[in-house]
Amino acid sequence: MAELPELLQTADFKSEKHVPVIECPDQVAAGQRFEVKVSVGKEVDHPNTTEHHIRWITLYFLPDGGKFPYQVARVEFTVHGESAEEANEGPVYTHHAAGVSMKTEKPGTLLALSYCNIHGLWRSSKALALD
Ligand code: FE2
């Protein structure tokens, strides 16, 4: 029987198109709002078609010494060329990238999880220091 941790794939985002990328300053001021960009396919494009696309990215924050992560944001990408006529004939595609504003009083780790509708779950993380 499989367990969820075994299904969370990861790799170098520079060569693997599914890995979520977390972009933000390495160090921020305590309690000051900052921007985090989450995306998939920063270096290697991921397809965005009705049949094959990124459904969502969830961003978590684990404070140093903490046991449980906090969910910071969950972004859903909900249109991928669907139409009443035919797959990929629709006029709209959500691109799998989003910006999130946040602040924290503690240093820790940002963790991202992304989901491809046919290639499953992918994870990454980024340390966040405070001034
Ligand atoms: Fe995929």
Side-chain angles (χ1 to χ4, degrees):
M1 186 182 80
E3 293 288 343
L4 192 54
E6 301 158 20
L7 303 178
L8 305 183
Q9 307 165 87
T10 194
D12 185 343
F13 76 89
K14 290 179 179 158
S15 55
E16 169 50 60
K17 62 180 176 279
H18 287 94
V19 179
V21 179
I22 302 167
E23 294 175 271
C24 68
D26 294 336
Q27 188 166 335
V28 297
Q32 293 288 306
R33 211 162 49 225
F34 62 97
E35 307 298 314
V36 182
K37 181 181 178 186
V38 290
S39 64
V40 167
K42 179 176 161 61
E43 294 290 331
V44 186
D45 262 352
H46 185 278
N48 189 5
T49 65
T50 305
E51 300 87 355
H52 185 193
H53 51 260
I54 302 300
R55 288 269 171 86
W56 51 257
I57 300 174
T58 304
L59 181 67
Y60 302 93
F61 181 69
L62 180 69
D64 283 351
K67 188 174 176 187
F68 306 111
Y70 294 91
Q71 182 177 313
V72 176
R74 179 181 174 94
V75 187
E76 301 213 27
F77 310 112
T78 53
V79 63
H80 308 278
E82 297 89 337
S83 80
E85 285 74 46
E86 199 172 339
N88 301 301
E89 294 298 319
V92 189
Y93 292 78
T94 321
H95 185 65
H96 32 263
V100 174
S101 292
M102 62 174 289
K103 64 180 181 180
T104 176
E105 300 289 344
K106 289 190 170 181
T109 306
L110 288 159
L111 305 111
L113 201 56
S114 60
Y115 178 66
C116 167
N117 69 320
I118 58 178
H119 298 116
L121 293 162
W122 293 79
R123 65 179 169 84
S124 68
S125 60
K126 178 182 183 359
L128 184 70
L130 293 188
D131 289 342

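One-based numbering, in listed order, for ligands and for the atoms of each. One-based numbering along the sequence shown.
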Step by step, work out the side chain to side chain contact (heavy atoms under 4.5 Å, CB included) result for Glu23 and Lys42. CA-CA 10 Å; Glu23 294 175 271; Lys42 179 176 161 61; 3.2 Å; yes

Note, Gln71 side chain near Thr58 side chain (heavy atom, < 4.5 Å): yes

Just how far is it from atom NE2 of His96 to atom OH of Tyr115, taken to the nearest 0.5 Å? 15.5 Å

Under the criterion side-chain contact (heavy atoms from CB on, under 4.5 Å), which of Val21, Ile57, Val72 is the partner of Val38? Ile57

So the protein N/O/S atoms within less than 2.8 Å of the Fe ion (ligand 1) come down to His18 NE2, His46 NE2, His52 NE2, Cys116 SG, His119 ND1

Does the separation of the ring centres of His52 and His46 fall below 6.0 angstrom? yes

N-O pairing of Glu76 and Arg74 below 4.0 Å: yes

